[in-house]
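Both counts, for ligands and for their atoms, begin at 1 and track the order of listing. Computed from a prediction, not measured in an experiment: that's the story for all the values here.
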Amino acid sequence: MSTPAPTPLHHHIAQLVARHGPLPFSTVMDSALYDETHGFYTAAGGAAGRRGDFITSPEVGPLFGAVIARALDSTWDELGRPDPFVVVEGGAGVGTLAVAVLAASPRCASALRYVMVERSPVLRARQRTHLAIAEPATALGVPGGHDGPVVASLGELPSARITGVVLANELLDNLAFDLLERTPDGWSEVRVGVDSASADLRLNRHLVPAGDAARGAGERFAPAASVGAVVPWQRGAAEWIADAYALLDRGRLLILDYAVRTTAELGNRPVGEWLRTYRGHQRVDDPLEDLGTADITVDVAADQLDAAVGHAAVVRTQAELLRVHGIDDLVARGRREWTERAAVGDLAAIKARSRVREADALLDPQGLGGFLVLQWSRGMS
Ligand SMILES: C[S@@+](CC[C@H](N)C(=O)[O-])C[C@H]1O[C@@H](n2cnc3c(N)ncnc32)[C@H](O)[C@@H]1O
């Protein structure tokens, strides 16, 4: 970990280290992504989209949202068709998934209150360019009335309890985490320090003895880790998931992300495989380089989320979820429409052809199709 080209955030972090000593990785990551002036998602407005070779599922095209709309309808039915039926989307970015869900005209539309939660004010402002956004109180406070769909936008999770669904696509991999390393005498924390011998105040990796909570996390989630193994302690994701689950009076919490089942699996792999940094759609090696100009992500460890919720999620792959909710049927319809309209070559024909390509990307077992979908239910089976 070193940084040859100091950014304004780099100076800020170096000053904090001078004042407080080596910083938790989570502090540095949170600044790098969300610092109000210089953060990747806030200042640069690093909207989701491409990460290396991948594009997020909603950004592939409208098919993903069309299938999610069917999944929402199915939960609405299971809940007994409540009105309002509140869907809270965490990390909604510019609102691409919301647009696609609404465009699919779900059956639950008249009861639907769709609340986008996005931390970045820059991205929240961009939601307004393609969505009519109501006051949050209208989405969350007015029961009944069959006047949906209503869309609202917030900077953080609401506090009112809901009947409905909380969902997040590729949010948790972006939430700040700490790094723990197994040492001969227990666990240490990998902090971020400054190499005071370097003229440009290079940031470096600095081991400190783990505090009680960090040691407890290491022992709980990676009890058999070998000396030298490093694991992420995903406190940001755990806090978010606990808050999201607590929101539900009745309904489902649905997380779609690149995830693994256990933290221990990550401890058996090189850090660079699960802690990834992307700049300009390319992988870069060092998360501490040019802070604020790159996206920093981590494979999400499902066992840490289960611990935060208090029980285990039902786990499927994204391909399985999309198949259960009819992606093959939508693609077959697309093929038929394309065959019928290819000669006309109009917008409907192009959309139909695009659906087939979108499905290939969304179902690819080596890519988006292999993502995990974690589902916890509350007040329903
Ligand atoms: C990788 S992007 C995914 C965007 C979108 N869900 C998609 O799949 O295209 C992650 C988004 O989560 C947002 N975010 C990060 N922390 C958040 C939080 N605590 N609450 C709401 N949004 C957050 C970021 O600003 C960013 O827009």
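- Checked against a 6.0 Å centroid threshold, the rings of His206 and Phe25 do not count as neighbours.
- Taking 4.0 Å as the cut-off, Pro58 counts as a neighbour of ligand 1 on heavy-atom distance.
- Atom numbering of ligand 1 starts at 1 in the shown order; those under 4.0 Å from a heavy atom of Thr56 are 7 (C), 8 (O), 9 (O).
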Review item, side-chain donor-acceptor pairs of residues 207-215, under 3.5 Å, at least two apart:
| residue | atom | partner | partner atom | Å |
| --- | --- | --- | --- | --- |
| Asp212 | OD1 | Arg215 | NH2 | 2.6 |
| Arg215 | NH1 | Ala210 | O | 3.4 |

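- Here Asp178 pairs with Arg235 in a salt bridge; the nearest charged N to carboxylate O distance falls below 4.0 Å.
- Of the polar atoms of Ala92, none of the N or O atoms is found under 3.5 Å from an N or O of ligand 1, judged by distance alone.
- A side-chain donor-acceptor contact under 3.5 Å links Gln304 to the backbone of Pro232.
- The shortest N or O to N or O distance between Arg119 and ligand 1 is below 3.5 Å.
- In Thr297, neither the side chain nor the backbone holds a heavy atom less than 4.0 Å from any atom of ligand 1.
- Of all the listed residues (Asn174, Asp173, Val117, Asn169), Asn174 holds the heavy atom that lies closest to atom 10 (C) of ligand 1.
- With Arg113 contributing its side chain and Pro149 its backbone, the two residues share no donor-acceptor pair below 3.5 Å.
- Near Tyr34, the atoms of ligand 1 lying under 4.0 angstrom from a non-hydrogen atom of the residue are 15 (C), 16 (N), 24 (C), 25 (O).
- At least one heavy atom of Leu171 sits less than 4.0 Å from an atom of ligand 1.
- Numbered from 1 in the order shown, with element, the atoms of ligand 1 that lie under 4.0 Å from a heavy atom of Glu170 read 1 (C), 2 (S), 3 (C), 10 (C).
- Using a non-hydrogen distance threshold of 4.0 Å, Glu156 does not register as a contact of ligand 1.
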Please assess Arg276 against Asp299 for the test salt bridge (Lys or Arg N to Asp or Glu O under 4.0 Å), listing each intermediate value before the final yes or no. CA-CA 9 Å; Arg276 291 182 294 273; Asp299 283 6; 2.7 Å; yes

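- Here the straight-line distance linking atom CZ of Phe40 with atom OG of Ser31 works out to 15.0 Å at 0.5 Å rounding.
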Using distance only, find each side-chain donor-acceptor pair of residues 347-357 under 3.5 Å and give its atom names and separation, not counting sequence neighbours.
| residue | atom | partner | partner atom | Å |
| --- | --- | --- | --- | --- |
| Ser354 | OG | Glu358 | OE2 | 2.7 |
| Arg355 | NH1 | Leu330 | O | 2.8 |

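- Counting heavy atoms closer than 4.0 Å to ligand 1, residue Leu123 contributes side-chain atoms (C-beta onward) but none from N, CA, C or O.
- When the heavy-atom distances from atom 27 (O) of ligand 1 to Glu239, Glu118, Glu59 are ranked, the shortest goes to Glu118.
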